[in-house]
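For reference, the structure is listed below as structure tokens.
Chain identifiers are assigned alphabetically (A, B, ...) following the order of the sequence lines, protein sequences preceding nucleic acid strands; residue numbering begins at 1 within each chain.
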2 protein chains.
Amino acid sequence: MATLKDISAELGLSVATVSRALNGFPEVNKKTRDKVQQAADRLGYRPNRVAQRLVTGRSGMVGLIIKIKPDMSADQTFFEVITALTAGLAARDTELVLAVDQGTDPVAPYRRMIEKNILDGFILNEPEVNDARVAFLLEQKVPFILHGTDRDDPPYPFYRIDNQKVASDSIDLLARLGHKRIALINARLRHHFAHERLEGFLKAMDRHNLSSDLVKTENWLADDGYMSALELLAHASPPTAFVCASTPIAYGVMRAIRDKGLRVPEDVSVVAHDDAMPVPRAVTLDHALTVTRSPLRDACEPLAHMLMDHLNGKSVADLQVTLTADMIVRGSTGPAPKGGVLT
Amino acid sequence: MATLKDISAELGLSVATVSRALNGFPEVNKKTRDKVQQAADRLGYRPNRVAQRLVTGRSGMVGLIIKIKPDMSADQTFFEVITALTAGLAARDTELVLAVDQGTDPVAPYRRMIEKNILDGFILNEPEVNDARVAFLLEQKVPFILHGTDRDDPPYPFYRIDNQKVASDSIDLLARLGHKRIALINARLRHHFAHERLEGFLKAMDRHNLSSDLVKTENWLADDGYMSALELLAHASPPTAFVCASTPIAYGVMRAIRDKGLRVPEDVSVVAHDDAMPVPRAVTLDHALTVTRSPLRDACEPLAHMLMDHLNGKSVADLQVTLTADMIVRGSTGPAPKGGVLT
DNA sequence: AGGATTTTTCAAAACGTTTTAAATTTGTAT
DNA sequence: ATACAAATTTAAAACGTTTTGAAAAATCCT
């Protein structure tokens with residue numbers, strides 16, 4: 001493998017000049033630069049990343065530690081995330097190193113990687129409230145970027161959506177359609193975003209002078225939505241609309257509604273937040289579901305770039321991005337039923 | 001971050017001695033070694049991997065390029081594979097760098113990674129016959145290890161199972177049970193292992209003086225097995241036993257058998273090869289299925305170690321491992337029916 | 001032409017480690 | 001003590017880059 005020295009020997013130039021020529025420094029003569037570039041091409045020169053990294057103090061690798069579910073099942077969106085992430089990082093000449101978190105201590109794999117002393121930073125996702133990993137990385141002063149947040153005024157770089165607005169937009173839409181009894185099936189409160197959604201929900205309901213008594217906290221999947229919806233529909237004054245934390249929950253809710261002999265959207269409206277948008281579901285049922293939408297994969301390239309900017313010393317304040325989710329109105333929402341569902 | 005120089009300054013020793021002490025060289029005095037170790041602990045010394053790698057010429061990273069299916073769906077066993085692979089590599093102080101192959105040219109992502117000049121080698125899986133990636137890596141003289149093989153006498157390190165034996169063991173079992181009409185539902189012949197299975201099947205059938213006219217080549221999933229089985233069962237002299245390339249195929253086959261009003265194993269026996277053994281399936285249906293078994297994940301740690309051995313110069317001949325799959329007889333196989341299925 | 005700039009190139013240091021070859025210390029046998 | 005071998009330690013080179021500070025070359029101005 002050709003090195004800078006080879007090129008410099010070939011051309012009778014110093015290594016320093018060759019290095020500068022190839023790295024586009026302005027103070028090198030056009031003629032020289034061309035000669036160097038040509039020689040580099042001819043000799044098939046590829047910079048030795050390891051040497052570069054030794055002198056720059058960077059490893060050129062960032063870590064992603066994936067949490068594996070007990071059943072070892074693959075997350076629907078995992079490949080999408082990986083694809084976008086590696087693409088974004090590659091553009092910044094950085095590799096993604098994967099590690100697996102199987103244990104009970106969420107911090108352990110981070111500690112292991114840090115001790116190996118080989119990563120420039122981490123990408124974290126799915127933060128819990130006051131996330132232990134976040135606390136650890138802050139304490140260790142290891143750079144990272146978070147998809148989402150784990151507290152209200154985070155002192156670290158993040159990329160997230162405005163979850164209060166996700167909730168309040170949904171409420172606003174439903175209220176405009178005349179709904180009075182609106183239920184929230186929220187995610188588990190260990191997720192920080194669930195707190196934000198709840199807050200947005202409560203504020204918006206208040207603003208519309210509606211009662212926020214139909215709130216449930218549930219797991220992520222269809223069965224969870226199904227069970228919750230059944231309970232809520234059994235209420236003396238049942239909801240005419242559901243705001244759901246996830247699309248699977250929404251499908252469960254719709255099944256429950258159907259099972260109760262009711263129709264969507266004539267009798268009951270359903271809104272969900274959709275952060276996944278996996279291909280198969282999109283073509284089958286999604287067309288029917290009104291959602292606030294912010295695909296996970298869209299977050300990945302910005303995440304990669306922001307982490308790199310962070311490593312390059314960009315100030316944290318400039319690396320705190322909050323996006324607004326799109327509101328996509330489809331067939332699962334309609335005007336509130338005239339006399340209430342059960343009349 | 002403390003360096004060797006810091007320790008050497010602290011103790012008034014040379015950097016070389018400190019390095020040797022920490023790396024367990026025999027020629028360093030016990031007393032010195034202890035002092036050094038102690039100082040290293042006290043200062044929280046961690047070797048700078050990048051510097052190590054510069055001098056050893058290794059990057060300490062190997063690549064795994066994952067092929068993503070058009071629907072972005074996650075492979076059932078992906079996480080198992082990743083988990084075992086990272087564990088095996090970590091034991092050899094090596095990281096797994098992930099890249100994604102989305103394009104049409106299977107070689108492109110490998111070329112990209114090689115040009116980046118950052119990986120010590122690759123782990124390849126799911127080889128096709130005369131795999132283009134294999135040819136490319138051989139030509140580029142980039143070290144790799146293959147899970148499986150792509151040709152008959154491979155000049156590279158591999159870890160595989162004896163696929164001829166997988167087929168012939170299945171036939172032997174069924175022949176012992178008195179089956180005469182045995183069908184093979186093989187995988188697509190672009191997979192090299194499918195050729196090996198076919199060869200094993202033909203030889204074994206020959207050995208038992210049975211006719212090999214019931215052979216189909218199919219995709220991997222339940223529906224494929226279902227369709228093939230229906231066709232085969234419509235034969236004038238239908239099979240009393242099926243040998244299936246995968247467990248999903250086997251489930252499709254069993255469904256077809258049931259739909260024809262036949263029972264497993266009284267009327268028809270089913271054997272499959274199981275390389276996945278995902279948790280959920282194991283508890284539901286697997287107990288019933290007789291299989292030749294060689295879980296994918298069991299291959300991962302050996303793969304990691306063999307690649308590292310390869311990088312360390314171990315001869316290729318010592319890195320060509322062929323295992324025998326286990327034969328696990330369960331409820332889906334039984335004696336051949338007395339007078340044939342249709343009498 | 002000669003001094004003052006400006007542009008371009010260079011030698012050397014630095015990054016943190018491993019390893020080679022040589023030097024020093026220690027031990028042993030005369 | 002002396003010579004010789006063995007055990008231990010050392011200085012220095014090497015890995016391939018970037019970067020600093022200085023030198024050389026080219027250009028400009030009178």
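In this view, A/Arg151 and A/Asn130, A/Val134, A/Leu138, A/Pro154, A/Pro155, A/Tyr156 satisfy the side-chain contact (heavy atoms from CB on, under 4.5 Å) rule, not counting sequence neighbours. By the ring pair (Phe, Tyr, Trp, His ring centres under 6.0 Å) test, B/Tyr159 pairs with no residue at all, sequence neighbours left out. Scanning for side-chain contact (heavy atoms from CB on, under 4.5 Å) contacts around A/Thr94 gives A/Val62, A/Leu89, A/Arg92, A/Met308, with sequence neighbours left out. Remark: B/Thr324 engages B/Lys165 in a side-chain contact (heavy atoms from CB on, under 4.5 Å) (not counting sequence neighbours). In this view, B/Ser315 and B/Ala317, B/Asp318 satisfy the side-chain contact (heavy atoms from CB on, under 4.5 Å) rule, not counting sequence neighbours. Take B/Glu10 and apply the salt bridge (charged side-chain N to carboxylate O under 4.0 Å, His left out) test, not counting sequence neighbours, and it matches B/Arg42. For A/His191, the ring pair (Phe, Tyr, Trp, His ring centres under 6.0 Å) partners are A/Phe193, not counting sequence neighbours.
When rounded to the nearest whole Å, the span between NZ of A/Lys30 and P of D/dA26 equals 19 Å. In this entry the distance linking CZ of A/Arg53 with P of D/dT18 reads 12 Å, nearest Å.
Across all strands, B/Arg58 comes closer than 4.0 Å to no nucleic acid atom at all (heavy-atom distances). Counting any heavy atom pair closer than 4.0 Å across all strands shown, A/Glu27 reaches a base atom.
A 4.5 Å side-chain heavy-atom check between B/Asp131 and B/Leu146 finds every atom pair outside the cut-off. The closest side-chain heavy-atom distance from A/Ile7 to A/Leu43 is below 4.5 Å. A heavy-atom distance below 4.5 Å is found between the side chains of B/Leu4 and B/Tyr45.
Between the two ends of the helix from C/dA1-D/dT30 to C/dT30-D/dA1, each summarised by a five-pair axis, the helix axis turns through 50° (rounded to 10 degrees).
The footprint of chain B on DNA chain C, defined by a heavy-atom cutoff below 4.0 Å, extends from C/dG16 to C/dA21.
For A/Arg20 and B/Asn23, each mapped to the nucleotide of DNA chain C holding its nearest heavy atom, the one lying further toward the 5' end belongs to A/Arg20. Where B/Ala16 and B/Val55 each meet DNA chain D at their nearest nucleotide, the meeting point lying more 5' is that of B/Ala16. Heavy-atom distances to DNA chain D give each of B/Thr56 and B/Thr32 a nearest nucleotide, and the one nearer the 5′ end belongs to B/Thr32.
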Considering only distance and modelled atom types, tabulate donor-acceptor pairs under 3.5 Å from the side chains of residues 107-118 of chain B, sequence neighbours left out.
| residue | atom | partner | partner atom | Å |
| --- | --- | --- | --- | --- |
| B/Tyr110 | OH | B/Arg133 | NH1 | 3.3 |
| B/Lys116 | NZ | A/Glu95 | OE2 | 3.3 |

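DNA chain C lies under 4.0 Å from at least one heavy atom of each of the following residues of residues 1-15 of chain A: A/Gly12, A/Leu13, A/Ser14. If you check residues 35-44 of chain A against DNA chain C, you find no residue with a heavy atom closer than 4.0 Å.
Side-chain contact of A/Arg53 with A/Ser59: a donor-acceptor pair under 3.5 Å is absent, judged by distance alone.
Remark: the backbone N or O of B/Gly60 is paired with a side-chain donor or acceptor of B/Asp120 at under 3.5 angstrom.
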